[in-house]
Amino acid sequence: MLDIPLVLLLLLAIAILLRLDFVYYLVYVLAGTYMLANWWTGRSLGRLRLHRHFTDHAFLGETVGVEIEVENTSWWPVPWLRCEEAPPPTITASSRIRQVVALRPKERLRLRYDLLGTHRGYYELGPTLLGAGDLFGFAESQGRYDESDHLTVYPRVIPLARVELTSRSPYGTIKSQQPIFADPARVNGVRDYQPGDPLRAVNWKSSARVGHLMVKKYEPAVSLATVIALEMNTTSYTRQVQLQASEWGIVVAASLANYLVGQRQAVGLVCTGADPLTGADRWTIPPRGGRPHLMKLLEWLARVQLAETVSLADWLPTASLNLAWGTTVIAVTPTGDEATCRALHRLLRAGLNPVLVVVEPHGQFGVVRERAHRLGVAAYQAADERELQQWCAAVRV
């Protein structure tokens, strides 16, 4: 592009030297147009409003459409506007926004690109780069929309329909020899009515048959929760398989949580990884039941990242201090080293029910299993989906 001020000075010099009126006129028109273009272009970006519309949570494999709404709030048109936004580098995109458009006064325009959730994660969208100019090419203004948004892609969840856990009741309880409270899902015969029995417990068919009131008898039960403890400390993983094994550990944790919540069990999560949203490098989620709680667990598992933090073996005794007696703790770790086994043994002595799950390929897993067995801890290897299904078919938590 020509250097307009230099051209104006050259034309002005010619007009003065040659005393040509039309050159003076050309200088006036060119200078006025140049100043108007700079003023107009400078105001254009300041009067634009951008909004990003998209679904901020997605499951693995889903396509998320991202729309950028550009609004010209001014009564002046924008002759041309260049809008660019690149997708996050670690996510697959079918396209990117890189368009040049014109905006009329008070006009709104929507630009779109698609993201494919091929990998779980917490992705930042933005910034959007803007450029505006005039019709003559005299001026151009650069800007950016720095307000960022985030997309959360949930981790992969493997259906575990054959998992045989002790807690099979739809009320999330297991059978107990101590009559702490009755489970309405476990009817165990009938008995004569006694004063104080609730009417909802009356078995009307049996009462009509024998001629007096009979009530249902229930098996006693206690409610036991499960906590999944996930190791995401970088130094705990073997360097060669660090990324693959840690991602697989997240899949195992998410699949177990999905199954347990589906069985109406209370599930919690303990993790030593970094959370980019909160900045925490270790965190706990208390056991609860229900689908909303499951989505909360999956969201944390989507965001967690490997970090050089405290190992699970060092932190697990502290993280489990407030767990109720009998809570099952499933430790998802890379190798199941001696420190981890001893930490789980301390949980066993504290009245908890520890289970060790190793997610790295281990050629001598029998040694790990024997070590854990001596300490009273059940150990299983689930280094791939086949081994996970085998473990789930045989485990008794």
Side-chain angles (χ1 to χ4, degrees), residues 165 224-257 268-274 280-285 301 304-384 386-388 390-392 394-397:
L165 297 177
L224 297 183
T226 301
V227 171
I228 300 170
L230 177 62
E231 174 73 89
M232 288 296 286
N233 178 34
T234 305
T235 58
S236 298
Y237 285 85
T238 305
R239 184 179 298 274
Q240 290 78 3
V241 294
Q242 186 180 88
L243 182 59
Q244 300 91 327
S246 61
E247 289 297 319
W248 173 244
I250 292 174
V251 173
V252 171
S255 302
L256 289 173
L269 189 62
V270 171
C271 187
T272 57
D281 60 358
R282 70 196 80 168
W283 36 271
T284 61
I285 301 178
L301 289 173
V304 67
Q305 299 176 355
L306 279 171
E308 291 189 8
T309 179
V310 63
S311 68
L312 186 65
D314 293 335
W315 188 54
L316 190 55
T318 302
S320 59
L321 285 177
N322 296 324
L323 296 181
W325 182 92
T327 299
T328 297
V329 179
I330 303 177
V332 180
T333 68
T335 59
D337 56 9
E338 185 173 355
T340 301
C341 292
R342 292 192 179 279
L344 294 177
H345 177 67
R346 289 197 292 271
L347 299 187
L348 179 66
R349 297 182 61 182
L352 304 179
N353 180 29
V355 176
L356 174 65
V357 180
V358 175
V359 294
E360 275 192 11
H362 203 300
Q364 296 182 339
F365 179 71
V367 177
V368 177
R369 182 164 46 203
E370 180 62 27
R371 177 198 300 139
H373 179 72
R374 291 199 306 267
L375 295 173
V377 178
Y380 304 92
Q381 185 172 23
D384 52 37
R386 178 184 59 83
E387 291 184 345
L388 176 64
Q390 289 178 351
W391 167 64
C392 291
V395 68
R396 299 291 189 276
V397 178

With sequence neighbours left out, write down each residue that passes side-chain contact (heavy atoms from CB on, under 4.5 Å) with Q305, or none if nothing qualifies. P276
Exercise answer: donor-acceptor pairs, residues 312-324 side-chain atoms, under 3.5 Å, sequence neighbours excluded:
| from | atom 1 | to | atom 2 | distance (Å) |
| --- | --- | --- | --- | --- |
| D314 | OD2 | S311 | OG | 3.0 |
| S320 | OG | L316 | O | 2.9 |
| S320 | OG | P317 | O | 3.3 |

Who are the side-chain contact (heavy atoms from CB on, under 4.5 Å) partners of Q364, not counting sequence neighbours? H362, V367
Are the side chains of Y380 and V358 in contact, using a 4.5 Å heavy-atom criterion? no
Nearest-0.5 Å distance, CD1 of residue I285 to CG of residue L269: 5.0 Å
Distance-only donor-acceptor pairs under 3.5 Å for side chains of residues 369-376, two or more places apart:
| from | atom 1 | to | atom 2 | distance (Å) |
| --- | --- | --- | --- | --- |
| R371 | NH1 | G336 | O | 3.0 |

What residues form a side-chain contact (heavy atoms from CB on, under 4.5 Å) with A280, not counting sequence neighbours? T278, W283
The complete set of salt bridge (Lys or Arg N to Asp or Glu O under 4.0 Å) pairs with one or both residues in residues 327-343, sequence neighbours excluded, reads E338-R342
Where the side chain of T327 meets the backbone of T226, is there a donor-acceptor pair that is under 3.5 Å apart? no
Salt bridge (Lys or Arg N to Asp or Glu O under 4.0 Å) pairs touching residues 226-253, sequence neighbours excluded, are R120-E247
side-chain contact (heavy atoms from CB on, under 4.5 Å) partners for T234, two or more places apart: Q242, L306, E308
Kindly give the heavy-atom pair with the smallest separation between A245 and V359, and that separation in Å. O-CG2, 3.9 Å
Taking every non-hydrogen atom, the tightest pair across T309 and D281: OG1-O, 3.3 Å
Which heavy atom of A229 sits nearest to which heavy atom of V329, and what is that distance? CB-CG1, 4.4 Å
Are C271 and R282 close enough that some pair of their side-chain heavy atoms sits under 4.5 Å apart? no
When rounded to the nearest 0.5 Å, the distance separating CG of L356 from CD1 of I330 is 11.0 Å
Looking at every non-hydrogen atom in both residues, tell me the closest pair between I228 and L256 and how far apart they are. CD1-CB, 3.8 Å
Supply the atom-to-atom distance L388 CG to W248 CH2, rounded to the nearest 0.5 angstrom. 5.0 Å
Give every residue pair that meets the salt bridge (Lys or Arg N to Asp or Glu O under 4.0 Å) criterion with at least one member in residues 344-362, sequence neighbours excluded. none
